[in-house]
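Here is the structure we will look at, set down as structure tokens.
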Amino acid sequence: MTGGLILPLFVSLLSLLFGYDEAELLFAGDAMQHKAQLDAARSNKTYDYSQCFGDIAGIVSDADYAVVNLETPVGDGPHTGYPCFNAPPAFVDALADAGFDMFLTANNHTLDRGPRGLRSTIAELDARNLDHIGTYGNDSARLEALPKIKEISGFKIAFLNYTYGTNGISPRDGVRVDYIDRTTVKSDIDAARAAGAEMIAVCVHWGDEYRLLPNKPQRHFADFLEALGVDMVIGAHPHVIQPMEFRPNRYYPDKNIFLVYSLGNFFSNMKTADTRGGAIARVRLFRGDDRKPVLKGAEYGLVFTIPGTCPGNNFRLQMVDSVSDGAWALRAREFARRARAIFDKYNISVPELSEP
């Protein structure tokens with residue numbers, strides 16, 4: 001046996017004896033389906049998204065567990081974009097093929113197609129054995145699904161998902177949407193801990209659209225979650241990036257917290273300089289000699305959506321510095337310049353990925 005193989009084998013043996021020591025989670029922002037995206041993917045009566053995520057699939061699938069916000073109902077036609085979304089199931093297939101394990105469904109568009117659309121989305125995700133949280137067909141389904149604790153490389157992590165609202169559409173016919181309610185949130189966190197969760201990630205749909213800095217309600221709710229000892233707070237909805245913080249928890253100094261106010265758009269057809277792209281966030285977990293799980297660090301990467309016009313020239317998502325398509329390279333650089341200006345000024349100990 002060569003010397004270069006001894007150390008990896010030794011580490012593998014230690015992992016078998018004592019449990020995994022490290023894990024990596026990845027979080028992505030809003031995965032949307034505007035009309036232009038549907039038109040570009042449509043081929044007769046089917047949809048083809050095979051071109052869309054190939055350039056970023058490596059970084060997603062490299063994570064031990066990847067989470068994305070599915071900001072559209074999914075099901076049978078008619079398939080429509082803004083303002084009332086409804087995407088084909090092939091869109092979910094493409095995201096799953098890219099490496100996403102969990103789909104967040106509590107957002108302001110989850111009731112765009114009423115209770116039938118909400119239940120259809122759940123059915124499509126269940127049919128593919130994909131994890132999802134945030135919406136439920138009825139109260140008993142929620143009781144059965146939560147707490148949602150995933151064992152990821154030996155770490156027991158609870159995931160929760162809440163939204164500020166659903167565009168004025170109220171749940172009916174018994175469906176359940178998890179709205180931001182402090183009493184419910186605290187109860188869910190307590191239940192997750194009682195069920196054995198070692199860490200808790202709360203994914204929140206909140207904030208003001210198109211604002212690059214969080215508002216007061218975001219900050220106040222983030223402080224509430226921090227006081228409850230939540231480990232990760234991951235935000236979406238503004239459709240633009242907002243700052244990230246990796247630091248000691250102010251209420252529990254022996255814990256770190258990873259706070260992302262907004263990851264922005266992951267995949268969309270929004271057209272302003274700040275909405276063409278978004279961020280992905282990687283967070284590393286570590287278990288030391290005392291076997292206590294801790295957050296070890298976090299990084300971000302910037303992604304950019306290049307529009308398409310037809311299935312042979314579909315929308316494509318790329319890491320921002322990889323964009324080389326003529327005018328889109330200029331727009332990608334402008335998006336990156338503006339996003340980095342915010343992160344460089346306001347981020348706390350969350351650097352950009354050096355080698356995505």
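Below, each value reflects all heavy atoms present in this structure, side chains not excepted, and no hydrogens, waters or symmetry copies.
- A donor-acceptor pair under 3.5 Å is absent between the side-chain atoms of Glu22 and the main chain of Leu285, judged by distance alone.
- No donor-acceptor contact under 3.5 angstrom links the side chains of His79 and Asn86, judged on distance only.
- When all heavy atoms of Ala281 and Met244 are compared, the pair lying nearest together is CB-CE, 4.5 Å.
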- Message: Under the criterion side chain to side chain donor-acceptor pair (under 3.5 Å), I'd like the reasoning laid out for Gln37 against Asn269: C-alpha separation, chi angles, the key distance, then a yes or no.
- Response: CA-CA 7 Å; Gln37 293 172 284; Asn269 188 44; over 6 Å; no

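- The closest donor-acceptor contact from the side chain of Thr135 to the backbone of Ala106 lies at 3.5 Å or more, if one exists at all.
- When each of Thr110, Asp30, Val92, Leu130 is checked for a side-chain contact (heavy atoms from CB on, under 4.5 Å) with Leu70, only Val92 meets the rule.
- Side-chain contact, Thr275 with Thr272: a donor N or O sits under 3.5 Å from an acceptor N or O.
- Inspection of the His220 and Asp223 side chains reveals no N or O donor paired with an N or O acceptor under 3.5 Å.
- Using bins of under 30°, 30° to 60° and over 60° for the plane-to-plane angle, the ring pair His239/His237 lands in the tilted bin.
- Side chain of Asp101 to backbone of Ala66: a donor-acceptor contact under 3.5 angstrom is found.
- The environment of Lys255 atom NZ is dense: over 12 non-hydrogen atoms of other residues, nucleotides or ligands sit within 6.0 angstrom.
- Side chain of Glu198 to main chain of Lys156: a donor-acceptor pair is present (N/O by atom type, distance under 3.5 Å, no hydrogens or angles).
- Although no hydrogens or angles enter the test, the distance criterion places no donor-acceptor pair under 3.5 Å between the side chain of Thr305 and the main chain of Gly277.
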- Message: Please evaluate residues Asn69 and Asn107 with respect to the criterion side chain to side chain contact (heavy atoms under 4.5 Å, CB included), reporting the C-alpha separation (whole Å), side-chain torsions for both, the decisive distance (0.1 Å), and the verdict.
- Response: CA-CA 8 Å; Asn69 175 48; Asn107 55 66; 3.4 Å; yes

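- Remark: the backbone N or O of Leu295 is paired with a side-chain donor or acceptor of Asn256 at under 3.5 angstrom.
- Side-chain contact check for Tyr179 and Thr166: at least one donor-acceptor pair (N or O, by modelled atom type) lies under 3.5 Å.
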- Item | Arg142/Asp188 under salt bridge (Lys or Arg N to Asp or Glu O under 4.0 Å): CA gap, chis, key distance, verdict | CA-CA 11 Å; Arg142 185 183 191 275; Asp188 290 343; 2.6 Å; yes

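- Taking the centre and axis of the six-membered ring of Phe155, the NZ or CZ atom of Arg287 falls inside the cone set by 45° and 6.0 Å.
- The side chain to side chain contact (heavy atoms under 4.5 Å, CB included) check on Asp48 picks up Ser50, with sequence neighbours excluded.
- The aromatic ring centroids of Phe27 and Tyr65 lie 6.0 Å or more from each other.
- The two residues Gln51 and Gly312 come nearest to each other via the heavy atoms NE2-O, 3.4 Å.
- In this structure, Arg42 pairs ionically with Asp39, as a charged nitrogen and a carboxylate oxygen lie closer than 4.0 Å.
- Between the side chain of Asp64 and the backbone N or O of Glu24 there is at least one donor-acceptor pair closer than 3.5 Å.
- Looking only at distances, a side-chain donor or acceptor of Asn347 sits under 3.5 Å from a matching main-chain atom of Val350.
- Arg119 places a side-chain N or O within 3.5 Å of a backbone atom of Gly137 that can act as its donor or acceptor partner.
- For Arg116, the CZ atom sits in a loose shell: 12 or fewer heavy atoms of surrounding residues, nucleotides or ligands are nearer than 6.0 Å.
- Across all their heavy atoms, Trp328 and Phe304 have their closest contact at O-CE2, 3.9 Å.
- A donor-acceptor contact closer than 3.5 angstrom links the side chains of Asp126 and His132.
- Partner of His34 under the ring pair (Phe, Tyr, Trp, His ring centres under 6.0 Å) criterion, out of Phe267, Phe85, Phe91: Phe85 alone.
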- Stepwise side chain to side chain contact (heavy atoms under 4.5 Å, CB included) test for Leu111 and Arg172: CA-CA 10 Å; Leu111 288 175; Arg172 55 185 175 84; over 6 Å; no

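- Expressed to the nearest 0.5 Å, how far CD1 of Ile200 lies from CZ of Arg193 amounts to 4.0 Å.
- A cation-pi arrangement, defined by a distance under 6.0 Å to the six-membered ring centre and an angle within 45 degrees of its axis, is present between Arg219 and Tyr261.
- Salt-bridge formation is detected for the pair Glu352/Arg340: a Lys NZ or Arg NE/NH1/NH2 atom is positioned less than 4.0 Å from an Asp or Glu carboxylate oxygen.
- One hydrophobic cluster holds both Phe159 and Val204 under the rule that ILVMFWY side chains link at heavy-atom gaps under 4.5 Å.
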- Item | Full working for side chain to side chain contact (heavy atoms under 4.5 Å, CB included) between Arg113 and Leu118 | CA-CA 7 Å; Arg113 291 291 171 177; Leu118 182 149; over 6 Å; no

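- The shortest non-hydrogen separation linking Pro88 to Leu38 is CD-CD2, 3.5 Å.
- Heavy-atom neighbours of Tyr82 OH from other residues, nucleotides or ligands within 6.0 Å: at or below the threshold of 12.
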- So Phe266 and Phe53, side chain to side chain contact (heavy atoms under 4.5 Å, CB included) or not? Walk me through it. CA-CA 11 Å; Phe266 180 66; Phe53 304 114; 4.0 Å; yes

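- The two atoms that bring Gln242 and Phe343 nearest to each other are O-CE2, 3.3 Å, heavy atoms only.
- Among all heavy-atom pairs drawn from Phe246 and Gly297, the shortest one is CZ-N, 3.4 Å.
- A donor-acceptor contact shorter than 3.5 Å is absent between the side chain of Glu226 and the backbone of Tyr251.
- Arg337 has no carboxylate O lying under 4.0 Å from a charged side-chain N of Asp344, or vice versa, which leaves the two without a salt bridge.
- Considering CD1 of Ile189 and CG of Leu225, their distance stands at 5.5 Å, rounded to 0.5 Å.
- Checked against a 6.0 Å centroid threshold, the rings of Tyr162 and His205 do not count as neighbours.
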